[in-house]
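Following: one structure in structure tokens, then a few remarks.
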Amino acid sequence: MFEWIKSRCDNVLLYSDTLDINILNNVKPKLIISHNYSSIIKFDTLKYAKDIGARIINMHISLLPWNKGSNPNFWSFIKNTPKGVSIHELDSSIDGGKIIYQKEVFFDEKKKA
């Protein structure tokens, strides 16, 4: 998926290491999209991104505020919570921040695939 985006957009950097102030200072991004990123971005990095005008959003595979953190789809079935996807701005909390978009998804668990 990310290679598809990179092939169609100029100035796209695919980056999977720890995001920190040094990389932000070198790249000076305008938009950072986090997806399936297992590290917590430190407060000073979030603040620096904001200071340089970079927006950080996260694509999260649960209907927030349910099932924050890792493996959210798994937990939505175990805890029988609403299922879906969320795109939100990052802040210093875990999967917190202003919700940009959400879509609830419904499954018929009795139906065989």
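The side chain to side chain donor-acceptor pair (under 3.5 Å) contacts involving residues 62-77 comprise His60-Ser62, Asn67-Thr81, where partners must be two or more places apart or lie in separate chains. Sequence neighbours left out, the pairs with a member in residues 96-105 that pass side chain to side chain donor-acceptor pair (under 3.5 Å) are Ser86-Gln102.
Between Ile52 and Lys28 the shortest heavy-atom distance is CD1-CA, 4.3 Å. Here the shortest heavy-atom pairing between Tyr37 and Asp17 reads OH-O, 3.3 Å. Closest heavy-atom contact between Asn58 and Ser34: OD1-O, 2.9 Å.
Residues satisfying the ring pair (Phe, Tyr, Trp, His ring centres under 6.0 Å) test with Phe77, not counting sequence neighbours, are Phe107.
Counting heavy atoms from C-beta outward, Tyr48 and Asp44 have side chains that stay 4.5 Å or more apart. Contact check for Lys50 versus Leu46: no side-chain heavy atoms found under the 4.5 Å cut-off.
A single hydrophobic cluster is seen to contain both Ile100 and Met59, as judged by linkage of ILVMFWY side chains at heavy-atom distances under 4.5 Å, directly or through other members. Taken together through direct or relayed side-chain contacts under 4.5 Å among Ile, Leu, Val, Met, Phe, Trp and Tyr, Ile94 and Leu90 form parts of separate hydrophobic clusters. Under the 4.5 Å side-chain heavy-atom criterion for ILVMFWY residues, a single connected hydrophobic cluster contains both Ile41 and Ile21.
Within a 6.0 Å sphere centred on CD1 of Ile40, other residues, nucleotides and ligands contribute 12 heavy atoms or fewer.
For the atom pair CG (Asn25) and OG1 (Thr45), the distance works out to 11.5 Å, reported to the nearest 0.5 Å.
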Side chain to side chain contact (heavy atoms under 4.5 Å, CB included) assessment of Ile32 paired with Leu24
CA-CA 10 Å; Ile32 299 164; Leu24 294 178; 3.4 Å; yes
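Remark: the Asp20 side chain and the Thr18 side chain contain no N/O donor-acceptor pair separated by less than 3.5 Å.
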